[in-house]
Amino acid sequence: MNTRDRYTRVIREHLGVSPDQIMDDAEFAADLGADSLDMVELSMFLEEEFDIAISDAAAERVTTVRAGLQLIEDLLESAVDARNALTTE
């Protein structure tokens with residue numbers, strides 16, 4: 001299962017929305033019905049799913065599905081870069 005599939009699965013399971021609602025430009029609040037507590041919980045579920053840490057500031061900037069996926073991909077890439085730096089030293 002790739003990153004996008006895992007990401008959308010977590011959104012579906014946590015917010016109880018159908019797959020066709022999870023479009024890149026969908027807004028979590030307006031289109032998917034997520035309130036601030038939902039977003040905090042979603043961040044925690046995503047941290048667990050991907051073994052990453054999402055800062056509060058970064059989480060607050062995520063308003064669309066696309067922005068959330070980009071954040072996850074960036075954090076995963078940073079983690080890989082950090083591991084590679086450690087193994088080459």
Cluster overlap Val40 with Ile54, hydrophobic side-chain contacts below 4.5 Å: no
Hey, could you give me the OG/CD distance between Ser43 and Glu60, rounded to the nearest 0.5 Å? 9.5 Å
Show the nearest heavy-atom pair for residues Asp31 and Ala26, with the distance to one decimal. OD2-CA, 3.4 Å
Atom CG in Leu15, atom CD1 in Ile22: separation rounded to 0.5 Å? 7.5 Å
Results of side chain to side chain contact (heavy atoms under 4.5 Å, CB included) for Ala30 - residues two or more places apart only: Glu27
Could you go step by step and tell me if Leu32 and Val65 meet the side-chain contact (heavy atoms from CB on, under 4.5 Å) rule? CA-CA 10 Å; Leu32 303 180; Val65 170; 3.9 Å; yes
side-chain hydrogen bond (donor to acceptor under 3.5 Å, both in side chains) involving Asp20 - partner list, sequence neighbours excluded: Ser18
Non-hydrogen side-chain atoms of Ile72 and Leu46 separated by less than 4.5 Å: yes
With clusters defined by side-chain heavy atoms of hydrophobic residues (ILVMFWY) lying less than 4.5 Å apart, directly or transitively, does Met23 cluster with Val62? no
Got a second to check how far Glu47's CD is from Ser55's OG, nearest 0.5 Å? 9.0 Å
Taking all non-hydrogen atoms of both residues, which atom of Asp25 and which atom of Thr64 are closest, and how far apart? O-CG2, 4.2 Å
Sequence neighbours left out, what passes side chain to side chain contact (heavy atoms under 4.5 Å, CB included) with Thr63? Give chain and number order. none
Residues passing the side chain to side chain contact (heavy atoms under 4.5 Å, CB included) test with Glu41, sequence neighbours excluded, are His14, Leu37, Asp38, Phe45
Any residue meeting side chain to side chain contact (heavy atoms under 4.5 Å, CB included) with Asn2, in chain and number order, not counting sequence neighbours: Arg4, Asp5
What residue pairs, at least two apart or across chains, pass salt bridge (Lys or Arg N to Asp or Glu O under 4.0 Å) with a residue in residues 9-19? Arg9-Glu13, Arg9-Glu49
Flag the pair Leu42 / Val10 as yes when at least one side-chain heavy-atom distance between them is below 4.5 Å, and no otherwise. yes
Spacing of CE belonging to Met44 relative to CE belonging to Met39, to within rounding of 0.5 Å: 12.5 Å
Once you round to the nearest 0.5 Å, how far does CD of Gln70 lie from CG of Asp24? 10.5 Å
Nearest-0.5 Å distance, CG of residue Leu75 to CZ of residue Phe50: 10.5 Å
